[in-house]
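All remarks here apply to the structure that follows.
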2 protein chains.
Amino acid sequence: MADGPTINTIAERAGVSIASVSRVLNGLPTRQETVRKVMAAAEELGYVRNAVARSLKSRRTNQVAFAMADIGNPVYLAMVRQIQPVLKAAGYRLVLHSTDAIAADEIDVLHSLGERYVDGLIMSPLRVTGAHLDTLKAARAPVVIIGQVPEGTRVDNVRADSRTGVKLALDHLHALGRRRIALVNGPLDTVPGAARAAAYAEALDALGLPYDEELVEIGDFYRPDGVRAVAALLARRPDVDALMCANDLIALGALDVLRASGRRVPGDVAVVGMDDTDLAAASWPSLTSVSLGSAERGKAAAELLLDRLQHGEREPRLVTVPPRLVVRASTSGREPALPYDTPQEGGGR
Amino acid sequence: MADGPTINTIAERAGVSIASVSRVLNGLPTRQETVRKVMAAAEELGYVRNAVARSLKSRRTNQVAFAMADIGNPVYLAMVRQIQPVLKAAGYRLVLHSTDAIAADEIDVLHSLGERYVDGLIMSPLRVTGAHLDTLKAARAPVVIIGQVPEGTRVDNVRADSRTGVKLALDHLHALGRRRIALVNGPLDTVPGAARAAAYAEALDALGLPYDEELVEIGDFYRPDGVRAVAALLARRPDVDALMCANDLIALGALDVLRASGRRVPGDVAVVGMDDTDLAAASWPSLTSVSLGSAERGKAAAELLLDRLQHGEREPRLVTVPPRLVVRASTSGREPALPYDTPQEGGGR
DNA sequence: TTGTAAGCGTTATCAG
DNA sequence: CTGATAACGCTTACAA
């Protein structure tokens with residue numbers, strides 16, 4: 001772990017100036033003989049370019065940050081999995097920030113762009129406050145936001161379409177003959193919670209079904225919350241015949257309760273999850289789920305940022321990723337044949 | 001995105017030298033009046049310290065890298081989830097590398113430490129070759145290896161104990177009265193694959209059970225491989241009464257096949273997975289699994305690295321994390337009561 | 001083609 | 001207490 005050699009060390013050793021060393025190292029036109037000497041010296045010394053000094057001069061770090069609420073969340077994980085290879089291919093490193101959905105932390109990250117330790121940022125905030133927008137406007141590096149932002153916000157933006165997603169699910173359930181379709185939602189003061197509530201009402205309306213307050217239950221976005229919410233729902237409306245759950249974890253909790261109450265899925269109650277995480281394919285019965293394209297959103301965000309990094313100023317872009325309904329046994333009653341093609345779920349060595 | 005202010009900008013504005021600005025910014029003894037002027041100027045200009053210039057001078061980046069095969073793998077994910085907060089609390093940023101288990105990529109990462117863009121590295125290689133060890137020896141920054149390394153390798157090291165882990169599982173199955181316990185393993189040329197094969201033989205021996213080649217099946221570490229392997233196993237030995245699977249994904253595949261073949265779990269065949277990922281709690285029946293402490297290993301690695309970063313040279317340390325058997329329905333037949341306490345599985349908003 | 005020297009934004013030394 | 005000034009390691013005019 002001795003101090004590494006610098007271009008000075010090489011210059012001495014090769015008997016040339018540091019400028020020549022730099023030129024050779026950067027492939028600029030140089031006399032053959034000099035190239036040879038420099039390369040030899042670099043080789044012998046095990047020289048490696050100092051990225052920090054380079055960055056100071058070039059004003060580029062070749063690093064990009066991704067800030068999300070929690071890396072343990074399968075949705076963000078799916079994003080990271082796509083973002084990483086795109087950046088890597090373009091020669092960028094990925095710096096990860098986990099903000100625990102704390103607004104102050106998110107704003108900190110935006111602010112810290114001023115430190116110039118990254119060339120750009122991809123951020124997926126759970127709520128977007130005025131403070132977010134102010135800091136965003138003053139951000140010292142390009143930012144891509146994944147998620148809803150107020151109309152007119154001048155920023156590259158990637159969105160899911162949970163409105164259409166919920167509609168896909170409700171249409172599917174309706175086509176299966178379900179008429180008492182409940183919504184098991186997360187908190188309404190989050191962007192996704194609010195979006196799903198609105199979409200549910202809208203989709204019901206389009207189907208000509210009445211909106212019934214008793215069929216809506218709200219908890220948090222985790223499995224035990226799903227258990228509680230669905231237990232309450234069943235007590236209130238034992239005749240419910242379908243559950244639209246705001247994410248897969250809630251849906252897993254729903255499956256638990258339905259099983260415990262002796263109901264068959266989908267015979268008595270059909271269940272749809274959301275996000276189409278790995279858990280949906282792992283559960284039994286396997287879970288029909290609305291994919292909001294987390295992977296695609298991650299990829300799109302990375303590409304948007306790279307484009308901005310390469311082309312500088314341009315009009316902000318909006319990419320909306322279409323949702324997709326992945327039908328599995330919790331609504332169709334049919335498990336996939338064996339041996340099936342599971343999508344790569346990530347290894348487990 | 002205009003060029004940010006530097007200490008020069010502030011110095012001009014405040015009518016002092018850059019040295020004074022630096023002193024104020026670093027809290028060194030300075031006259032009150034000067035402090036005031038500098039702070040005011042910094043405030044007005046929205047000054048933020050340039051991390052790159054700082055690093056060049058201080059020779060510290062406050063960044064640490066974590067290199068793993070694939071962030072999508074739940075095992076590495078569990079590590080990242082622990083590593084991140086430990087580093088964050090100590091003021092370090094996390095740079096993520098995904099090497100796809102390609103040795104050349106891993107060696108690249110080790111080599112790139114010479115670029116000095118991070119202060120240290122945590123690495124979890126799937127196989128450790130001679131080239132790894134050579135590069136490791138010459139590494140220009142502290143490294144912590146998660147996983148087995150040859151005896152005598154002078155490096156901070158964190159290990160799982162899959163030997164004991166397999167033994168825990170087999171003892172459990174034996175206590176339940178199972179006597180024809182199969183091993184569904186991954187490739188033998190990986191470190192975990194080899195370790196599990198050896199541990200299986202050893203544990204059988206300790207129990208006084210014969211080693212039966214027909215009860216061992218090898219595939220890869222994914223769910224479809226589990227499906228294939230267990231189908232072959234059942235065809236050969238329909239009397240098998242327990243499956244020790246080398247990871248949870250394989251075990252999920254096993255559950256699929258058993259279900260399709262009309263066997264009850266655990267009535268006819270008990271199943272144990274390994275790694276205790278989120279999927280184990282999500283499956284039905286829920287999966288008994290051997291936790292190899294991925295989370296703890298991640299945490300230990302981060303702490304080891306931080307200690308080395310703070311205290312410099314010292315003897316390399318070895319931390320071995322004990323395994324833990326998490327008993328669920330696939331062996332006990334009992335699902336947890338509702339509403340249960342699920343460990344935080346990561347959200348899903 | 002090559003070397004000298006300036007500068008990227010900080011920190012730190014050393015006189016005043 | 002403060003201000004010049006020299007690094008940190010690299011890139012890049014500009015001159016030779």
Side-chain angles (χ1 to χ4, degrees), chain A residues 2-39 41-42 45-63 112-119 140-141, chain B residues 1-39 41-42 45-63 91 112-119 140-141:
Chain A
D3 254 28
T6 73
I7 52 171
N8 284 289
T9 331
I10 297 184
E12 262 178 56
R13 176 94 155 219
V16 299
S17 75
I18 61 167
S20 287
V21 175
S22 177
R23 274 183 220 112
V24 171
L25 260 22
N26 290 301
L28 297 179
T30 316
R31 186 159 48 113
Q32 263 317 306
E33 173 61 8
T34 310
V35 172
R36 210 193 39 68
K37 282 192 292 187
V38 169
M39 294 307 266
L45 293 166
Y47 173 78
V48 182
R49 262 202 199 78
N50 182 313
V52 177
R54 209 153 197 244
S55 293
L56 180 58
K57 186 72 200 165
S58 66
R59 298 156 153 283
R60 310 177 59 249
T61 59
N62 291 310
Q63 294 191 155
S112 74
L113 290 177
E115 294 179 24
R116 303 220 157 274
Y117 66 97
V118 285
D119 299 336
R140 298 256 168 80
Chain B
M1 236 160 318
D3 253 28
T6 72
I7 51 172
N8 284 288
T9 332
I10 298 183
E12 262 177 56
R13 177 96 154 220
V16 299
S17 73
I18 61 167
S20 286
V21 175
S22 177
R23 271 183 223 111
V24 171
L25 260 23
N26 290 301
L28 298 178
T30 315
R31 185 158 49 114
Q32 264 316 306
E33 173 61 8
T34 311
V35 172
R36 211 193 39 67
K37 284 191 293 186
V38 169
M39 293 308 266
L45 293 165
Y47 172 79
V48 182
R49 262 201 199 77
N50 182 311
V52 178
R54 209 154 195 241
S55 294
L56 180 59
K57 189 70 196 156
S58 66
R59 299 155 155 283
R60 310 179 56 250
T61 59
N62 290 310
Q63 293 191 155
S112 74
L113 290 177
E115 293 179 24
R116 303 221 157 272
Y117 65 97
V118 286
D119 299 337
R140 297 256 167 79

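Letters A, B, ... mirror the listed sequences (proteins, then strands); counts begin at 1. This one's a predicted model, so the numbers in the text were calculated from it and none came from an experiment.
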Which pair of non-hydrogen atoms, one from B/V24 and one from B/V35, has the smallest distance, and what is that distance?
CG2-CA, 4.0 Å
Could you identify which residues of residues 19-35 of chain B place a heavy atom less than 4.0 Å from some atom of DNA chain C, listed by residue number, or say none?
B/A19, B/S22, B/R23, B/N26
Please enumerate all residues that pass side chain to side chain contact (heavy atoms under 4.5 Å, CB included) together with B/L56, with sequence neighbours excluded.
A/V52, A/A53, A/L56
Residues two or more places apart in sequence or in another chain: which of them pass salt bridge (Lys or Arg N to Asp or Glu O under 4.0 Å) with B/R59?
A/D3
Salt bridge (Lys or Arg N to Asp or Glu O under 4.0 Å) with A/R13: which residues, sequence neighbours excluded?
A/E44
Interface with DNA chain C, restricted to residues 50-58 of chain A and to heavy atoms under 4.0 Å
A/L56, A/K57
Nearest-Å distance, CD (B/E12) to C1' (D/dG3)?
15 Å
A/L45 atom CG is separated from D/dG9 atom P, nearest whole Å, by 14 Å
Closest contact, heavy atoms only, B/Y117 versus A/Q63:
CD1-OE1, 4.1 Å
Non-hydrogen atoms of B/I10 and B/A41 that approach each other most closely:
CG2-CB, 3.9 Å
List for me each residue that meets side-chain hydrogen bond (donor to acceptor under 3.5 Å, both in side chains) alongside B/T30, sequence neighbours excluded, and say none if there are none.
none
note: B/K37, atom NZ; D/dT2, atom C1'; distance rounded to Å ~ 11 Å
For A/S55, give me all partners under side-chain hydrogen bond (donor to acceptor under 3.5 Å, both in side chains), at least two apart in sequence or on another chain.
none
Tell me every residue that passes side-chain hydrogen bond (donor to acceptor under 3.5 Å, both in side chains) with A/T34, counting only those two or more places apart in sequence or in another chain.
none
Does the side chain of B/Y47 come under 3.5 Å of the side chain of B/T9 through a donor N or O and an acceptor N or O?
no
For chain B and DNA chain C, what are the first and last nucleotides along the strand, 5' to 3', with at least one atom under 4.0 angstrom from a heavy atom of the protein chain?
C/dG9 to C/dT13
Under the side chain to side chain contact (heavy atoms under 4.5 Å, CB included) rule, collect the residues that match up with B/S58, sequence neighbours excluded.
B/R60
Whole angstrom is fine here: how far is it from CD1 in B/I7 over to C1' in D/dT5?
13 Å
Scan for salt bridge (Lys or Arg N to Asp or Glu O under 4.0 Å) pairs involving residues 20-39 of chain B, sequence neighbours excluded, and state none if there are none.
B/E33-B/R36
Considering the terminal five base pairs at each end of the helix from C/dT1-D/dA16 to C/dG16-D/dC1, what angle separates the two local helix axes, rounded to 10°?
50°
Would you kindly give the CZ-to-P distance between B/R60 and D/dC8, to the nearest whole Å?
18 Å
Give me the atom names and distance for the closest heavy-atom approach of B/R140 to B/R116.
O-NH2, 3.0 Å
Would you mind reading off the distance between A/I18 atom CD1 and D/dC8 atom C1', rounded to a whole angstrom?
12 Å
